[in-house]
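Every number for a ligand or one of its atoms is a count from 1 in the order of the listing. Not measured: the values here are computed from a predicted model.
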Amino acid sequence: MWLKNRFVQKLGGGWLESFGLRTWSNLQFASLSSRKDAEVIRILREIHREKRSLLSAFEQYIVYALGKAQSKKYDGAFAEVGVYKGASARLLCEVKGDKPLHLFDTFEGLPEAAEQDRQVHRQGQYAYGLEDVQKYLSNYANVHYHKGLFPESAVDVPVQSYAFAHFDVDLYEGTLGCLEYFYPKMIHGGIMLSHDYSLLAGVEQAFTEFFADKPEEVIDLPTTQCLVFKL
Ligand SMILES: C[S@@+](CC[C@H](N)C(=O)[O-])C[C@H]1O[C@@H](n2cnc3c(N)ncnc32)[C@H](O)[C@@H]1O
């Protein structure tokens, strides 16, 4: 765990992270382009070129593909906690159809870290303004913004059934808050997907603790992500 945190601390948030991600994603796009639908790859590449995303090409593809499947098959709203510049939110906008999408972020960057994350990130890291994200996603309908610390920022949100929830908050307490809030609100067959599960020890710990007494399995993907299907 310590080693994993130290590795991320060295990479996190700086030019090395974005350079590494861009290089890695270009290789992944070469692989995806030879096998996947050209229109989907065009959208993913466009988002990648905008340099807003902290997801690799494979991770973007997973968000897109799962979101598309959920949108086709199920009723229920979409949500994301951890929006930053709106790149993964745009992926959700592309696939959600007319479903509501609820976006939660401080829009002031990461909150103070708990003991589990102390070595990983800086408070205020990934700060990006709400107005800029609203402008970026202004072409998409039925998108709802909730500024503030999650889960407190969700107290007035009336939605009780979600088909897809994407978490990307980097920290133990935030991830645990996502699971406690969304788990009871996920429809049967609903998907909770998290970024950084196999990269950030606090994220993994939150999933491990939360699902210790639940019937669902946490599925560890070959990217940094994990997912859970609500039974
Ligand atoms: C890594 S960035 C998200 C990246 C984004 N999903 C993307 O695809 O580029 C993490 C975001 O989580 C937000 N965040 C972390 N903990 C939070 C919390 N408890 N409540 C609200 N926002 C939080 C930060 O403000 C930051 O914008």
Side-chain angles (χ1 to χ4, degrees), residues 8-9 11-14 17-18 20-22 24-25 43-44 46-64 66-67 78-95 101-114 116-118 120-134 136-137 143-157 164-182 192-200 202-203 205-206 223-227:
V8 176
Q9 188 185 28
L11 279 181
E17 181 181 21
S18 52
L21 194 60
R22 275 208 301 284
W24 184 228
S25 287
I43 294 167
L44 296 177
E46 191 178 294
I47 292 172
H48 174 69
R49 279 196 213 100
E50 290 167 344
K51 296 188 181 160
R52 289 170 169 264
S53 182
L54 295 177
L55 271 59
S56 71
F58 283 1
E59 288 168 340
Q60 284 190 25
Y61 192 91
I62 286 170
V63 173
Y64 185 97
L66 292 177
F78 277 39
E80 178 173 77
V81 189
V83 177
Y84 186 37
K85 296 182 178 178
S88 46
R90 185 179 161 197
L91 288 170
L92 297 176
C93 286
E94 289 284 342
V95 292
L101 169 63
H102 291 269
L103 298 177
F104 300 89
D105 203 299
T106 61
F107 295 104
E108 292 175 356
L110 297 177
E112 193 184 346
Q116 289 84 345
D117 313 290
R118 204 132 273 164
V120 185
H121 289 310
R122 294 183 316 276
Q123 187 173 359
Q125 194 173 335
Y126 304 123
Y128 198 74
L130 169 61
E131 292 74 20
D132 289 320
V133 178
Q134 285 174 320
Y136 174 58
L137 301 177
V143 181
H144 308 272
Y145 299 87
H146 309 282
K147 180 175 161 68
L149 191 66
F150 186 87
E152 290 87 327
S153 58
V155 286
D156 292 331
V157 178
F164 190 52
H166 181 228
F167 311 146
D168 190 4
V169 296
D170 289 11
L171 303 174
Y172 167 78
E173 281 181 355
T175 304
L176 197 57
C178 289
L179 293 170
E180 286 168 348
Y181 180 83
F182 282 102
M192 288 177 283
L193 173 72
S194 179
H195 195 227
D196 290 331
Y197 171 78
S198 54
L199 195 64
L200 297 174
V203 175
Q205 187 180 339
T223 57
T224 72
Q225 295 152 310
C226 73
L227 70 83

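Residue-to-ligand polar distances keep V83 apart from ligand 1: every N/O pair is separated by 3.5 Å or more. An N or O contact shorter than 3.5 Å links D105 to ligand 1 by distance. Inclusion of D168 in the set of residues having an N or O under 3.5 Å from an N or O of ligand 1 is warranted. Every N/O-N/O distance between A87 and ligand 1 stays at or above 3.5 Å.
Counting only heavy atoms of the protein, atom 9 (O) of ligand 1 lies nearest to L54 N, 3.2 Å. Given atom 16 (N) of ligand 1, the protein heavy atom at minimum distance is P111 CD, 3.3 Å. The protein non-hydrogen atom at the shortest distance from atom 12 (O) of ligand 1 is G82 CA, 3.3 Å. In this structure, atom 7 (C) of ligand 1 lies nearest to the protein heavy atom S88 OG, 3.5 Å. Considering only non-hydrogen protein atoms, atom 2 (S) of ligand 1 sits nearest to Y84 CB, 3.8 Å.
When heavy-atom distances to ligand 1 are checked against a 4.0 Å cut-off, L171 has no atom that comes that close, whether in backbone or side chain. Residue contacts with ligand 1, taken as heavy atom pairs separated by less than 4.0 Å, involve L55 solely via side-chain atoms from C-beta onward. Contacts with ligand 1 closer than 4.0 Å are made by no heavy atom of A127, backbone or side chain.
Every atom of ligand 1 is numbered from 1 in the order shown, and the set under 4.0 Å from a heavy atom of L110 is 15 (C), 24 (C), 25 (O). The ligand atoms of ligand 1 that sit less than 4.0 angstrom from a heavy atom of G148 are 20 (N), 21 (C). For ligand 1, the atoms lying closer than 4.0 Å to a non-hydrogen atom of S53 are 9 (O). Of all the atoms in ligand 1, the ones that sit under 4.0 Å from a non-hydrogen atom of T106 are 20 (N), 21 (C), 22 (N), 25 (O). For ligand 1, the atoms sitting less than 4.0 Å from at least one non-hydrogen atom of V169 are 12 (O), 15 (C), 16 (N), numbered in the order shown with element in parentheses. Set against the non-hydrogen atoms of G109, the atoms of ligand 1 under 4.0 Å away are 24 (C), 25 (O). For ligand 1, the atoms sitting less than 4.0 Å from at least one non-hydrogen atom of R52 are 9 (O), numbered in the order shown with element in parentheses.
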side-chain contact (heavy atoms from CB on, under 4.5 Å) between H146 and D156: does it pass, once the steps are laid out? CA-CA 10 Å; H146 309 282; D156 292 331; over 6 Å; no
What do the steps show when you test E50 against K85 for salt bridge (Lys or Arg N to Asp or Glu O under 4.0 Å), and what is the final call? CA-CA 10 Å; E50 290 167 344; K85 296 182 178 178; over 6 Å; no
I would like to know whether H121 and L200 meet side-chain contact (heavy atoms from CB on, under 4.5 Å); could you show each step before the answer? CA-CA 10 Å; H121 289 310; L200 297 174; 4.0 Å; yes
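Between Y64 and the choices L92, L91, I47, the side-chain contact (heavy atoms from CB on, under 4.5 Å) rule is met once, by L91.
Using a distance-only test at 3.5 Å, with no hydrogens or angles considered, no donor-acceptor pair links the side chain of S53 to the main chain of H48. Here the side chain of D117 pairs a donor or acceptor atom with the backbone of Y172 at under 3.5 angstrom. A donor-acceptor distance shorter than 3.5 angstrom exists from the side chain of D105 to the backbone of Y84, with no hydrogens or angles considered.
By the 30° and 60° cut-offs, the orientation of the rings of F164 relative to H166 is parallel.
Counting non-hydrogen atoms of neighbouring residues, nucleotides and ligands closer than 6.0 angstrom, the CD atom of E94 exceeds 12 such neighbours.
Checked against the 6.0 Å centroid threshold, F150 and F182 count as a close aromatic pair.
Taken from CG in L44 to CZ in R49, the straight-line distance is 11.0 Å, to the nearest 0.5 Å. Remark: D168 CG to T224 OG1 distance equals 8.0 Å, nearest 0.5 Å.
Assignment of G177 to the shell around ligand 1 is not supported, since no heavy atom sits closer than 4.0 Å.
Looking at F150, F104, F167, it is F150 that brings a heavy atom closest to atom 19 (N) of ligand 1.
Closest heavy-atom contact between S56 and S25: CA-OG, 3.3 Å.
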